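Order of appearance sets the numbers: ligands from 1, and atoms from 1 within every ligand. Quantities reported herein were computed from a predicted structural model and do not represent experimental measurements. By convention here, the first residue in the shown sequence is residue 1.
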Amino acid sequence: KKGYVMRKSCIDPNGKKTPFGKRGWKMFYCTLRDMVLYLHKDEHGFRKSALSDNLHNAIRIHHALATKASDYNKKQHVFRLETADQAEYLFQTSDSKELQSWIDTINFV
Ligand code: I3P
């Protein structure tokens, strides 16, 4: 699965709250492959970027959980992703169908 999403980082992989200044929403071209969610700047970056760049913004989804962020009311179609290394992110998708599709893909790969 692939597509554009907005991402907000809430808790870093060390389990600590993402510091102010790094908590904003950012757009990424997101691809899911081999239990890894890769976040690219855009589709072009997805094709062009070096493996090291891809790994930099990669989120391993083994033992991760995606759920609708029904407690987050500032934006629509948002899911929360909690990872095995205790990171937490919010992802905004384009509509309710995309929302469910990302959640199912992440939870049931
Ligand atoms: C954050 C940015 C986010 C906001 C977050 C801010 O500032 O404005 O949009 O989250 O609030 O800290 P920065 O870009 O300087 O990190 P919301 O959009 O959810 O309000 P937060 O600290 O309450 O998460």
Side-chain angles (χ1 to χ4, degrees):
K1 181 162 175 70
K2 45 189 74 158
Y4 282 98
V5 295
M6 300 291 286
R7 187 217 61 187
K8 174 186 172 176
S9 185
C10 301
I11 299 175
D12 287 342
N14 56 14
K16 291 188 181 146
K17 183 180 164 179
T18 303
F20 293 113
K22 293 185 172 178
R23 301 181 56 81
W25 288 92
K26 252 175 98 173
M27 190 171 76
F28 289 100
Y29 186 69
C30 191
T31 65
L32 181 64
R33 189 163 53 88
D34 300 335
M35 303 292 280
V36 180
L37 205 56
Y38 296 97
L39 302 173
H40 318 276
K41 256 187 266 170
D42 52 32
E43 281 175 79
H44 183 67
F46 164 55
R47 277 183 264 111
K48 266 293 197 35
S49 60
L51 181 62
S52 57
D53 294 342
N54 284 342
L55 291 177
H56 177 71
N57 272 324
I59 301 171
R60 296 181 43 203
I61 60 158
H62 187 61
H63 288 164
L65 181 68
T67 51
K68 268 182 203 172
S70 37
D71 57 332
Y72 187 83
N73 302 313
K74 294 180 187 177
K75 291 181 187 288
Q76 275 195 301
H77 316 307
V78 176
F79 69 89
R80 174 174 286 112
L81 180 63
E82 296 167 271
T83 69
D85 54 10
Q86 297 175 5
E88 191 180 305
Y89 307 93
L90 292 176
F91 285 91
Q92 184 184 31
T93 62
S94 52
D95 55 47
S96 55
K97 206 172 147 232
E98 272 299 291
L99 173 63
Q100 199 56 53
S101 166
W102 275 110
I103 290 173
D104 291 344
T105 307
I106 289 169
N107 288 341
F108 302 121
V109 277

- Item | atom 13 (P) of ligand 1 [closest protein heavy-atom partner, distance rounded to 0.1 Å] | G21 N, 3.5 Å
- Query: Any donor and acceptor pair, going by atom type alone, linking the side chain of T18 with main-chain N or O of K22 inside 3.5 Å?
  - Reply: no
- Query: Under 4.0 Å from atom 8 (O) of ligand 1, is there any protein heavy atom?
  - Reply: no
- Note on the structure: Residue, atom and distance of the protein heavy atom nearest atom 20 (O) of ligand 1 read K74 NZ, 2.6 Å
- Note on the structure: Atoms of ligand 1 under 4.0 Å from any heavy atom of F20, numbered from 1 in the order shown, are 12 (O), 16 (O), 22 (O)
- Task: Return yes when atom NZ of K26 has more than 12 non-hydrogen atoms of other residues, nucleotides or ligands closer than 6.0 Å, and no otherwise.
- Result: no
- Query: Would you say atom 23 (O) of ligand 1 has a protein heavy atom nearer than 4.0 Å?
  - Reply: no
- Item | Contact summary for E88 and E82, nearest pair of heavy atoms | CG-CG, 4.1 Å
- Assess whether atom CD of Q100 is packed by more than 12 heavy atoms of other residues, nucleotides or ligands within 6.0 Å. yes
- Query: Would you say K8 contacts ligand 1, with heavy atoms under 4.0 Å as the rule?
  - Reply: yes
- Note on the structure: Residue, atom and distance of the protein heavy atom nearest atom 19 (O) of ligand 1 read Y72 OH, 2.5 Å
- Message: Return the closest protein heavy atom for atom 3 (C) of ligand 1 as residue, atom name and distance.
- Response: R23 O, 3.5 Å
- D34 side chain to V36 main-chain N or O, any donor-acceptor pair under 3.5 Å? no
- Protein heavy atom at shortest distance from atom 2 (C) of ligand 1: G24 CA, 3.7 Å
- Message: Does the plane of the ring in H40 sit parallel, tilted or perpendicular to the ring in Y29? Use 30° and 60° as the thresholds.
- Response: tilted
- Message: Return the closest protein heavy atom for atom 18 (O) of ligand 1 as residue, atom name and distance.
- Response: W25 NE1, 3.2 Å
- Message: Using a 3.5 Å distance criterion without hydrogens, assess whether the side chain of Y4 forms a donor-acceptor pair with backbone atoms of E43.
- Response: yes
